[in-house]
Each structure stands twice: as C-alpha cells, then as structure tokens.
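Throughout, residue positions are numbered sequentially from 1 according to the sequence presented. It should be emphasised that the depicted structure is a prediction, and the values quoted were computed from it without experimental measurement.
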Amino acid sequence: MRAELPTVSVEQTAAPAVQAAAPAPRSIPRSSADVVVVGGGPVGMYLAVLLLQEGVSVQVLEQRLDRSTHSRAIGVHPPALESLARAGIAETMTREGIRITSGEARSAGRTVARLDFAAASARYPFVLTLPQVRTEQLLEERLLALDPGALVRGARVESVEDTGTGVRVHGAAGGAFTVEASLLVAADGARSSIRSALGARWSSRELPDTYLMGDYPDGTGDGPLGVLYLEPEGIVESFPLPGGLRRWVVHTDALQRNPTAAGLAELVRQRTGHRLDAAGNSMLSAFGVRIGRTNRLVSGRSVLIGDAAHQISPIGGQGMNLGWLDAAAVAPVIAASLHGDPVGGALRDFERRRRRDAAVASAQAQINMMLGRPLPAGMLALRNAGLERMFQVPALGGAVARRFTMQ
C-alpha cells in the first residue's frame, strides 16, 4: 500500500458462562508480519480475523493484559451482523443474544410510537443485544483458532517508522521488541497513540449530555422489546440482555461521580414507575459524551479505523458497529495491495465512504441525544404528539427503523 494510501465506572459484573478454552495469546511479538494491527479490542480482532482468512499474516498488539469485563457496548446492528458472519461468529452471537425485533417509545404511561425492525434486513431483521465481553471472547477464540500466535497482550507500542517500503513498530512487552510489516492498522481507540504518532489532526468536543446506566434483573414483562421512556426529566432507555437482565440508561443533570445501583434504580422508578432490584445490579457506569474525528484515515502505509478514526456518541449503540464496518471495508483493499494490485482508487473510495458513514452515524446519535434531553411537560406533550402522528405514516416509520438499525 503506497502513500495514497471522562468516565466514572463501578463494576460488579458476573463472570460469563464458561466456554471452550482458546489457545493462550503470545507474550512476545513476532519480528515480522504482513500487517500489524495496534489494538486488540473488538474492531482490531475482527479485522485480524478477516485478514487471516485471506491468507494475510497478522500481528495484533494489545496493551491490556486481559479482556475488559466492562460491557458498555451491547447492541449489534444488522449490517454488522452481516459482516460478522464473514468471521464465522454471527451464528453463535444470534443464538446467545437477545433479538430485539421492535421498539416502543412511551411517555406518561402510554405508547407514543412503535418501531418494527422486520424490514431492516432479510437475514437479520432485528437488533441483537449481547454483552461486549462475550463478543470479544468469541472474536478472540476465532482469531487464535486461525493463528495461535496472532495476538500479543501486554504489548505497548512506543514508536512507528514508515520506511517507504514498510513499517517498523517499536515497543515493549516484558522487553523491547520491533515488528516489521508491510502495513499498519490502528484500532487503538479514541485516544489513539498511533494517530498522534502519524501526525493526523484530531478534532473533538465534549457534549453537555451525561448518563447513568446499569444492568438489573428484568421484572418489566417487556420480553425482547426495546423501550424508550420520553419523560420531562429526560430519557430512560431499557433494553433486554441475555440471562434475564435488562440494561437501563438514564439521562442525568450532571456526571455522577459516585454512582450507586440504588440511586439509578430510584431514578428509573421516578420516571417510569418500574422498581428495580438494586441488589441484583451487575454493572454500573456513569459517563459523559465526547465526539471526534480525524482529518484522514489513510497516512502513508497506515490506516485508522474504529474510534481511532471517528468517535461518536454511545447513545444508539453505533460506535462498535461502525468500527466493524470500517474493518470489513478495508480488509479486501489490504489483501489486494499485498497481492500487488493497484489500490489507490479503492483507498480513496474507502476513506470517502467511511468518513461519510461516520458523519451520518454521528448525526443520528446526536439526534437521539436531543430527543432524550429534559423538556417542560407542555413542550414534551407537543413533541410527542408530533412523533405519534409521524409514526402513523408507514413509510416514515420504516425510514426511521432503517436509520436506527444503520441501514
């Protein structure tokens, strides 16, 4: 490939069900590979799987020693499931996850609107919920089954050189290491050190919205239904999870520095009337929202994907999905480049399309946040009446459902 080319969390997460053990990740990087992927989260591992399936040798460098147990991301949209099927894990995910085939917006105890996701995808007519920790486990097992030495944990990247004919990645993993490769892909998140090393410009800003979320035993009776409660004090989101749990996300007046399960349960009770079992809480997180994007995804022999390229609001659950779609789009371009094919046009198309899709996803997430902000009761009633009329038009309801599912 040529030159064209603030969170506060409290964890009480129960351990996932025991699965067949995958080979242990390597502790020392190889000296060479076709592609080095910096970042062994869900996006980096997914790209590595796709490349290995194409016969490309890959070294994934992950700074964390263990997978995170903090399952903030739970929603998997139909386009991402279509892509994950290429990695051989979509079937297991859909078997273990909860399929949300429809959603409701409620306010003051009545239904304002209903979304049907049946037309979202012929193969996956639903939004799937599955804890991120399980998704990452499935990706890691698939990755190590393809190449037991592909992943190195505890590897800190310290510098990157573009030699013109390849890249050299220097770092430490117990001791100093250097990996030589033809290409480098950065999937190391919104605070990407690789992006900084490449000199890519990063524009970001913090939004005023803050949230508190947690997982509790599901006593709502809503089953696989996703529910949005549009209330004067701010939105409450409610999504089913495997294991008889339900995730609750509440818009708050300010970032809560010392959140409690009982405090979140009380906010849910006040706004929706549902009484949550605080003692059964298994995850709790307070978070603000920051959005950002880089001025370029391709720099010399390096590519940025996922949050390293574009960070969007987590409201709407599009961020991880966007990263997977980045990986699915760039994998065939990388494989073609390594086979000696000219890819300048394909790279320009990749960058243009991914920047556009990120802008669309970010705009959708910000609309979602706007709908969830507090409103005086009178203004909220007027807005809800407008939403109710809009969703009575099938074509408009279908368009909104497609947008919510990233179609």
Side-chain angles (χ1 to χ4, degrees), residues 7 9 11 13 15-53 56-73 84 87-89 130-160 167-181 183-197 302-308 319-320 323-324 326-327 331:
T7 298
S9 302
E11 276 295 337
T13 307
V18 176
Q19 305 291 330
R26 283 173 59 89
S27 58
I28 301 174
R30 295 164 172 154
S31 60
S32 65
D34 291 331
V35 178
V36 170
V37 178
V38 179
V43 173
M45 286 195 291
Y46 172 60
L47 174 63
V49 168
L50 294 182
L51 293 176
L52 285 167
Q53 290 178 163
V56 175
S57 64
V58 182
Q59 184 70 89
V60 181
L61 304 175
E62 169 55 48
Q63 184 167 316
R64 296 174 301 175
L65 290 170
D66 300 293
R67 284 192 304 268
S68 172
T69 59
H70 191 56
S71 287
R72 293 184 67 183
L84 290 163
I89 67 169
L130 187 69
Q132 182 178 339
V133 63
R134 178 58 178 148
T135 300
E136 288 196 24
Q137 182 182 16
L138 290 171
L139 282 166
E140 184 169 332
E141 289 173 353
R142 176 61 178 154
L143 174 62
L144 298 182
L146 289 168
D147 179 0
L151 174 64
V152 176
R153 291 194 175 276
R156 186 179 71 255
V157 174
E158 297 175 338
S159 64
V160 175
V167 293
R168 291 193 189 100
V169 180
H170 307 283
F177 70 80
T178 297
V179 182
E180 298 201 14
L183 307 167
L184 179 148
V185 179
D188 55 339
R191 297 184 178 89
S192 172
S193 62
I194 302 302
R195 184 184 64 231
S196 300
S302 301
V303 180
L304 302 171
I305 63 174
D307 285 354
M320 183 168 64
W324 284 328
D326 289 346

S.K.: Look only at the side chain of Ser57 and the backbone of Ala33, and say whether a donor-acceptor pair between them is shorter than 3.5 Å.
M.R.: no

S.K.: Could you report the tightest heavy-atom contact between Gly306 and Asp326, atom names first, then the distance?
M.R.: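 Minimum heavy-atom contact is N-OD2, 2.9 Å.
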
S.K.: To the nearest 0.5 Å, what is the distance between CG on Leu304 and CD1 on Ile194?
M.R.: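 Between atom CG of Leu304 and atom CD1 of Ile194 there are 9.0 Å.
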
S.K.: For the CG atom of Leu84 and the CD1 atom of Ile89, what is their distance to the nearest 0.5 Å?
M.R.: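 With rounding to 0.5 Å, CG (Leu84) is 5.0 Å from CD1 (Ile89).
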
S.K.: Hey, mind stepping through Glu62 and Val152 against side-chain contact (heavy atoms from CB on, under 4.5 Å) and telling me if it holds?
M.R.: CA-CA 6 Å; Glu62 169 55 48; Val152 176; over 6 Å; no

S.K.: Looking at Asp307 and Ala187, would you say the former's side chain and the latter's main chain have a donor-acceptor pair under 3.5 Å?
M.R.: no

S.K.: Main chain of Pro42, side chain of Trp324: is a donor-acceptor contact present, judged purely on distance under 3.5 Å?
M.R.: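 Side chain of Trp324 to backbone of Pro42: a pair is present.
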
S.K.: Using every non-hydrogen atom in the two residues, find where Val60 and Gly40 come nearest and quote the distance to one decimal.
M.R.: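 So the minimum-distance heavy-atom pair works out to CG1-CA, 3.7 Å.
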
S.K.: Output, in order, the C-alpha distance, side-chain angles, deciding distance and verdict of side-chain contact (heavy atoms from CB on, under 4.5 Å) for Phe177 and Ile28.
M.R.: CA-CA 8 Å; Phe177 70 80; Ile28 301 174; 5.7 Å; no

S.K.: Please determine whether side-chain contact (heavy atoms from CB on, under 4.5 Å) holds for the pair Thr178 and Val169, giving the CA-CA distance in whole Å, both sets of side-chain angles, and the decisive distance to 0.1 Å.
M.R.: CA-CA 5 Å; Thr178 297; Val169 180; over 6 Å; no

S.K.: Is any NZ, NE, NH1 or NH2 atom of the basic residue among Arg142 and Glu140 found under 4.0 Å from an Asp or Glu carboxylate oxygen of the other?
M.R.: no

S.K.: Are any of the side-chain heavy atoms of Leu61 and Val37 separated by less than 4.5 Å?
M.R.: no

S.K.: Kindly compute the distance separating CG (Leu138) from CE (Met45), expressed to the nearest 0.5 Å.
M.R.: 9.5 Å

S.K.: Does Glu180 offer a backbone N or O that forms a donor-acceptor pair with the side chain of Arg168 under 3.5 Å?
M.R.: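 Checked: no pair found.
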
S.K.: State, with a plain yes or no, whether a side-chain heavy atom of Leu47 is found less than 4.5 Å away from one of Ile305.
M.R.: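 In contact.
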
S.K.: Can you tell me how far apart CZ (Arg195) and OG (Ser302) are? Round to the nearest 0.5 Å.
M.R.: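 So the CZ of Arg195 and the OG of Ser302 are separated by 13.5 Å.
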
S.K.: Does the pair Val185 and Val35 meet the rule for a side-chain contact (heavy atoms from CB on, under 4.5 Å), with working shown?
M.R.: CA-CA 7 Å; Val185 179; Val35 178; 4.1 Å; yes

S.K.: Looking at Gln132, Gln137, Glu136, which one forms a side chain to side chain donor-acceptor pair (under 3.5 Å) with Arg134?
M.R.: Gln137

S.K.: If you take all heavy atoms of Val179 and Pro29, which pair is closest and at what distance?
M.R.: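 That would be CG2-CB, 3.7 Å.
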
S.K.: Is a salt bridge present between Arg30 and Asp147, judged by a nitrogen-to-oxygen distance below 4.0 Å?
M.R.: yes

S.K.: For the side-chain contact (heavy atoms from CB on, under 4.5 Å) test, which of Leu50, Leu151, Leu51, Leu143 pairs with Val58?
M.R.: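 The single option meeting the side-chain contact (heavy atoms from CB on, under 4.5 Å) with Val58 is Leu51.
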
